[in-house]
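These notes are about the structure you will find just below.
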Protein chains: 2
Amino acid sequence: MAIAKLDRRTEIRQTAKKLFKERGYAGTSMRDLAKEVGIEAASLYNHLSSKEELLHEMCFDIAEQFFTAFNTAVAEEKGSSKKLKAAIRAHIGVISSNLDASTVFFHEWVFLKEPELGKFKKLRYQYEQGFREIIQKGIADKDFKEVNVKLAVFTIFSALNATYDLYKSSEKLSQEEIVESISNLLLKGLKK
Amino acid sequence: MAIAKLDRRTEIRQTAKKLFKERGYAGTSMRDLAKEVGIEAASLYNHLSSKEELLHEMCFDIAEQFFTAFNTAVAEEKGSSKKLKAAIRAHIGVISSNLDASTVFFHEWVFLKEPELGKFKKLRYQYEQGFREIIQKGIADKDFKEVNVKLAVFTIFSALNATYDLYKSSEKLSQEEIVESISNLLLKGLKK
DNA sequence: TTTATTTACTAACGTTCGTTAGGTAAAGGT
DNA sequence: ACCTTTACCTAACGAACGTTAGTAAATAAA
């Protein structure tokens with residue numbers, strides 16, 4: 001065969017990301033998914049083993065991408081401000097190159113069942129921990145103000161994790177504009 | 001009758017907020033709701049006319065609260081920084097006194113059907129416009145940096161709208177701590 | 001005390017859910 | 001040429017969905 005057309009397996013998964021994003025996991029039926037792909041619902045099961053598997057794959061795939069991007073980004077920079085900005089860029093980068101899946105990652109992980117749910121939460125905590133450590137180091141080095149670290153990281157993630165929303169607006173913002181704007185605001189603030 | 005116990009109508013709506021928050025609108029069935037209230041699913045319909053009505057009420061009730069709180073808050077302050085901080089406080093205040101419903105407001109409005117969906121989006125745009133105008137005024141008065149207004153407001157809302165998450169963490173943060181911390185970060189930034 | 005309203009029940013409606021069983025036709029490997 | 005595998009189909013499973021109908025008991029109004 002060699003060089004097949006983009007196969008059904010992949011097509012189904014891409015379509016599932018799109019639908020889970022648009023209608024939510026619980027709001028998307030396997031029949032919806034099948035119709036969008038152009039086959040019967042039962043035929044989906046030649047390419048997957050359950051609806052839940054789709055969600056599971058999406059969430060953990062994105063989780064892994066976040067880790068990888070973070071690790072390479074911060075390794076390349078010295079200094080807390082630069083590390084933080086690099087981490088922000090990496091995080092936004094993963095979102096912008098996985099617009100559907102990352103939306104699912106942020107909103108639909110609640111439908112994971114144990115034990116995956118627990119595993120997922122743990123991964124997320126670990127990932128956030130990376131950001132907390134950058135900020136702690138920054139405070140220790142007197143680069144950053146003595147803020148409440150947890151709250152600061154919370155605020156940063158809130159801002160970053162909503163950026164998928166920016167890409168559907170009509171404004172054509174480049175990724176670097178978004179990165180610059182958000183990290184400037186978070187690092188230097190609004191006040192003159 | 002006089003002074004009835006907290007009536008069923010109210011009880012059902014409070015329980016619905018809790019369940020819609022925990023399991024999502026699509027992920028909550030009327031039988032789930034009935035069981036939690038302690039009656040049969042069919043009996044719910046003595047107190048409401050449809051599942052959708054519940055969602056509709058929650059979303060528009062919170063929308064109204066946001067408007068009211070915003071208007072009184074900014075009317076009491078002069079100067080862009082103070083107005084913005086007051087608006088932030090008001091916004092967080094509405095969230096913190098409606099923890100269930102505001103979560104539904106942020107995540108489940110997508111399940112509204114037309115024409116309510118359109119009406120909802122319009123209200124939200126108008127509300128955000130209030131924040132944009134504060135920032136525009138602040139820039140014009142040289143109080144604020146010349147930031148991309150839309151992106152700044154986007155970032156602010158992202159941070160504010162996630163605060164409902166803070167109240168379920170074990171840390172006992174007071175509302176004023178949260179307001180101070182977030183508005184300081186957004187106004188003055190992380191950098192020293 | 002009779003009457004009307006409210007609140008709950010059981011039973012069931014038609015629909016949709018995720019998924020399985022079993023079959024068919026084409027493609028690929030040997 | 002044969003056999004296996006892949007990819008689809010139709011049909012159907014039992015369960016769950018939102019909601020309606022009809023009724024009985026309790027409560028309030030007259």
Side-chain angles (χ1 to χ4, degrees), chain A residues 1-59 104 107-117, chain B residues 1-59 104 108-114 116-117:
Chain A
M1 49 138 258
I3 306 183
K5 69 163 191 188
L6 205 66
D7 68 10
R8 265 288 142 83
R9 201 190 143 83
T10 311
E11 188 191 1
I12 288 169
R13 279 155 176 78
Q14 285 182 345
T15 309
K17 287 171 193 169
K18 195 187 95 189
L19 293 187
F20 287 1
K21 168 191 158 178
E22 287 172 1
R23 315 176 189 177
Y25 177 74
T28 304
S29 75
M30 295 304 269
R31 285 171 179 85
D32 291 339
L33 174 55
K35 178 170 273 183
E36 193 84 1
V37 172
I39 59 177
E40 291 299 315
S43 307
L44 290 172
Y45 289 83
N46 288 304
H47 308 278
L48 51 87
S49 65
S50 70
K51 185 186 180 188
E52 232 196 311
E53 182 196 52
L54 291 172
L55 179 64
H56 173 270
E57 284 177 9
M58 291 178 206
C59 290
V104 174
H107 290 127
E108 309 300 327
W109 61 268
V110 285
F111 294 102
L112 288 170
K113 300 249 161 64
E114 296 294 359
E116 281 80 16
L117 180 60
Chain B
M1 47 136 260
I3 306 184
K5 69 166 190 186
L6 202 68
D7 67 11
R8 266 287 143 85
R9 198 190 147 83
T10 311
E11 188 191 2
I12 288 170
R13 278 155 178 78
Q14 284 181 346
T15 309
K17 287 170 193 170
K18 196 187 95 189
L19 293 187
F20 286 1
K21 168 192 158 177
E22 287 173 2
R23 315 176 190 179
Y25 176 74
T28 304
S29 75
M30 295 303 272
R31 285 171 179 85
D32 291 339
L33 174 55
K35 178 171 272 181
E36 193 84 3
V37 171
I39 60 177
E40 292 298 317
S43 308
L44 290 171
Y45 289 84
N46 287 307
H47 307 278
L48 50 88
S49 65
S50 70
K51 185 186 180 188
E52 232 195 308
E53 181 196 52
L54 291 172
L55 179 63
H56 172 271
E57 284 178 9
M58 292 177 206
C59 290
V104 174
E108 310 300 328
W109 61 268
V110 284
F111 294 103
L112 287 170
K113 299 250 161 65
E114 297 294 359
E116 281 80 15
L117 180 59

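Naming: A, B, ... by sequence-line order, numbering from 1 per chain.
- Partners of A:E52 by side-chain hydrogen bond (donor to acceptor under 3.5 Å, both in side chains), not counting sequence neighbours: none found.
- When the P atom of C:dA8 is taken as reference, atom CD of B:E11 falls 9 Å away, rounded to whole Å.
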List the atom pairs, with distances to 0.1 Å, where a side-chain N or O of residues 30-38 of chain A and a protein N or O form a donor-acceptor pair under 3.5 Å, not counting sequence neighbours.
{"unit_1": "A:D32", "atom_1": "OD1", "unit_2": "A:S29", "atom_2": "OG", "d": "3.4"}
{"unit_1": "A:D32", "atom_1": "OD2", "unit_2": "A:R23", "atom_2": "NH1", "d": "3.4"}
{"unit_1": "A:D32", "atom_1": "OD2", "unit_2": "A:S29", "atom_2": "N", "d": "3.1"}
{"unit_1": "A:D32", "atom_1": "OD2", "unit_2": "A:S29", "atom_2": "OG", "d": "3.3"}
{"unit_1": "A:E36", "atom_1": "OE2", "unit_2": "A:K18", "atom_2": "NZ", "d": "2.6"}

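- Looking only at side-chain heavy atoms (C-beta outward), B:R13 and B:E53 come within less than 4.5 Å of each other.
- Across residues 36-53 of chain A, A:I39, A:E40, A:A42, A:S43, A:N46, A:H47 each have a non-hydrogen atom less than 4.0 Å from an atom of DNA chain D (numbered order).
- Rounded to a whole Å, the CG atom of B:L33 is 14 Å from the C1' atom of D:dT19.
- Contact between the side-chain N/O atoms of B:S29 and the OP1/OP2 oxygens of D:dC17 is found at a separation under 4.0 Å.
- Listed pair A:R9 / D:dA7 fails the phosphate criterion, with no side-chain N or O lying under 4.0 Å from OP1 or OP2.
- Contact record, B:V104 with B:M58: CG1-SD, 3.8 Å, taken as the closest heavy-atom pair.
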Let me check I have this right: for DNA chain C, each base becomes ., (, ), [, ] or |, based on Watson-Crick or G-U pairs with both distances under 3.5 Å. What is the full string? ||||||||||||||||||||||||||||||
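- Residue B:I12 is the one, among B:R31 and B:I12, whose nearest nucleotide of DNA chain C lies closer to the 5' end (criterion: closest heavy atom).
- Between the CZ atom of B:R8 and the C1' atom of C:dT5 there is a distance of 17 Å, given to the nearest Å.
- With sequence neighbours left out, the salt bridge (charged side-chain N to carboxylate O under 4.0 Å, His left out) criterion links A:E22 to no other residue.
- Atom CG of B:L44 is separated from atom NZ of B:K51 by 11.5 Å, given to the nearest 0.5 angstrom.
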Walk me through whether B:E11 and B:R8 qualify under side-chain contact (heavy atoms from CB on, under 4.5 Å). CA-CA 5 Å; B:E11 188 191 2; B:R8 266 287 143 85; 2.9 Å; yes
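- Straight-line distance from the CZ atom of B:F111 to the P atom of D:dG18: 12 Å, rounded to whole Å.
- The distance between atom CZ of B:R23 and atom P of D:dA16, rounded to the nearest whole Å, is 14 Å.
- C:dC17 atom P lies 13 Å from atom OH of A:Y25, rounded to whole Å.
- Applying the side-chain contact (heavy atoms from CB on, under 4.5 Å) test to B:A26 and every residue at least two apart in sequence or in another chain returns A:A26, B:F111.
- Distance, A:M30 CE to D:dC8 C1': 15 Å, rounded to whole Å.
- Under the side chain to side chain contact (heavy atoms under 4.5 Å, CB included) test applied with B:Y25, the options B:L55, B:L54, B:V110 reduce to a single match, B:L55.
- A:F20 places its CZ atom 12 Å from the C1' atom of C:dG18, with the value rounded to the nearest Å.
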